[in-house]
Amino acid sequence: MESKTASISGSKKISLKPKNVRSSAYVKRLKVALTKQKVNSNSAHQRTPLSAPQRKTKERASIASDARQRLESARFRYLNEELYTKSSSEAWELFQEDPQSFDIYHKGFKNQVLKWPVNPLDIIITDLMKGPRNWVIADFGCGEAQIANTIPNKVHSFDLVAANDKVTACDMASVPLATKAVDVVVFCLSLMGSNIHDFLKEANRVLKIGGTLYVAEVESRCSNINDFLKTIERFGFQLKENNVQKYFFLAKFSKIQNMSPKATMPRIYLKPCLYKKR
């Protein structure tokens, strides 16, 4: 390559010949080559075959995981049927004897709800966030107390087993709250058992006049949703809204009347949720 020079008035000639300077094109080619080399090295590393003992260990782990999932699914279906067909007092005794079953049930329940396009609890929480901060809320069948963990209000969280320190374990037919103590009661997918009428009587007892009752349930559990909502009104409530989504409906009531503890109320029957074997 010939040397080029530039003449500057009053100065000596300055050489413009590059000395050990790489062209930009060369640098780009070098970077591409190094990148390919790195990718090929990683691919070769990933393709390194497992030894026979490693393959056996991996297969055993996969078989054990699959067996564990099948066992948990079977226990979830059994517990689901028990909760829908037994009274709340019987369900209470069941989980007191075997608290671990409660964890298995809620894990299976959460997996089912995750398949839904919308979680009804998210809708309820969004609605509660719009209300006054001094509202006191009672969450019947709270699971892991998501409402209490999300909103700033005072929330009483009840379920058959205390999943954490925010939850009070009890029979929802008799919660440890004073009469007319709360502004809101929530039943989100928790009207389970053969004595649902007792839960609604208890909701009426703890709610103030004008208080709000949320009821979210699986649509397929009701033979007729309108008849079900009208029956709830007989427990001292008035229907305000009914939001029907895929898989579930969410009704919002206002308490308009105090019910006598000795009042004979209609029985309510909902179909159990039956899940297919996997």
Side-chain angles (χ1 to χ4, degrees), residues 83 102 105-168 170 172 175 177 180-192 196 199-200 202-222 225-226 228-233 235-256 268 270 273:
L83 289 174
F102 187 80
Y105 173 78
H106 269 281
K107 181 179 178 181
F109 178 80
K110 287 170 65 176
N111 289 337
Q112 294 295 329
V113 176
L114 283 173
K115 299 175 184 178
W116 295 3
V118 181
N119 186 334
L121 191 57
D122 293 336
I123 299 176
I124 294 172
I125 289 174
T126 299
D127 205 40
L128 290 174
M129 291 290 286
K130 299 174 184 177
R133 293 294 178 261
N134 63 346
W135 272 0
V136 179
I137 299 160
D139 186 4
F140 283 56
C142 65
E144 297 175 343
Q146 187 176 340
I147 294 178
N149 287 321
T150 305
I151 68 175
N153 299 62
K154 172 65 177 178
V155 181
H156 298 281
S157 304
F158 303 113
D159 216 318
L160 293 169
V161 173
N164 53 55
D165 59 4
K166 291 185 180 294
V167 183
T168 299
C170 65
M172 288 193 300
V175 299
L177 282 177
K180 304 177 198 174
V182 303
D183 302 278
V184 179
V185 167
V186 176
F187 287 102
C188 186
L189 308 177
S190 57
L191 289 177
M192 304 163 62
I196 293 173
F199 304 161
L200 294 172
E202 188 69 346
N204 179 280
R205 182 186 71 81
V206 302
L207 262 176
K208 300 174 183 177
I209 289 287
T212 300
L213 170 69
Y214 290 90
V215 176
E217 263 308 330
V218 179
E219 186 177 5
S220 61
R221 294 191 65 202
C222 294
I225 294 176
N226 289 331
F228 172 67
L229 299 179
K230 287 179 181 178
T231 303
I232 292 179
E233 287 187 306
F235 286 79
F237 301 103
Q238 184 177 47
L239 179 65
K240 294 298 184 181
E241 299 176 20
N242 183 30
N243 182 7
V244 179
Q245 298 278 342
K246 187 175 183 181
Y247 300 119
F248 70 89
F249 61 91
L250 172 57
K252 188 175 179 181
F253 299 84
S254 177
K255 177 182 171 179
I256 60 173
I268 298 179
L270 292 175
C273 288

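The structure presented is a predicted model; accordingly, all values stated were derived computationally and were not measured.
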> Do Ile125 and Ile147 come close enough that some side-chain heavy atom pair is under 4.5 Å?
Replying inline: yes

>> Less than 4.5 Å apart, side chain to side chain, heavy atoms only: is that true for Ile151 and Ile137?
In response: yes

>> I need the minimum non-hydrogen distance between Leu128 and Arg133, along with the two atoms involved.
In response: O-NH1, 4.4 Å

> Which heavy-atom pair separates Ser190 from Gly141 by the least distance, and what is that distance?
Replying inline: CB-CA, 3.9 Å

> Just wondering, more than 12 heavy atoms not from Lys208 lying within 6.0 Å of its NZ?
Replying inline: yes

> So do the side chains of Asn153 and Asp183 get within less than 4.5 Å of each other, counting heavy atoms only?
Replying inline: no

>> Quick check for you: to the nearest 0.5 Å, what is the distance between Thr212 atom OG1 and Phe237 atom CZ?
In response: 10.0 Å

>> Quick check: do Glu144 and Asn164 have side-chain heavy atoms less than 4.5 Å from each other?
In response: yes

> What heavy-atom pair brings Val161 and Val167 nearest, and what distance separates the two atoms?
Replying inline: O-CG1, 3.8 Å

> Is there a donor-acceptor pair under 3.5 Å between the side chain of Asn243 and the backbone N or O of Leu250?
Replying inline: no

> Is the closest side-chain heavy-atom distance between Tyr214 and Lys252 below 4.5 Å?
Replying inline: yes

> Do any N or O atoms from the side chain of Lys255 and from the backbone of Leu207 form a donor-acceptor pair under 3.5 angstrom?
Replying inline: yes

>> Can you confirm whether Ile232 sits close enough to Phe187 that some side-chain heavy atom of one is under 4.5 Å from a side-chain heavy atom of the other?
In response: no

>> As an exercise, state the distance from CG of Leu121 to OG1 of Thr150, rounded to the nearest 0.5 Å.
In response: 7.5 Å

> Nearest 0.5 Å, what's the CZ-CE distance between Phe158 and Met172?
Replying inline: 10.5 Å

> For the residue pair Phe140 and Val206, what are the closest heavy atoms and their distance?
Replying inline: CZ-CG2, 4.3 Å

> So, Arg205 and Glu202, do they make that salt bridge, N to O below 4.0 Å?
Replying inline: yes

> If you measure from OG on Ser220 to CZ on Phe248, what distance do you get to the nearest 0.5 Å?
Replying inline: 12.5 Å

>> Any heavy-atom pair between the side chains of Trp116 and Val218 that's under 4.5 Å?
In response: yes

> When rounded to the nearest 0.5 angstrom, what distance separates CE in Met192 from CZ in Phe199?
Replying inline: 9.0 Å

> Nearest 0.5 Å, what's the NZ-CG distance between Lys166 and Asp159?
Replying inline: 15.5 Å

>> Less than 4.5 Å apart, side chain to side chain, heavy atoms only: is that true for His156 and Val175?
In response: no

> What's the shortest heavy-atom distance between Ile123 and Val118, and which atoms?
Replying inline: CD1-CG1, 3.7 Å

> For the side chain of Glu217 and the backbone of Leu191, is there at least one donor-acceptor N/O pair under 3.5 Å apart?
Replying inline: yes

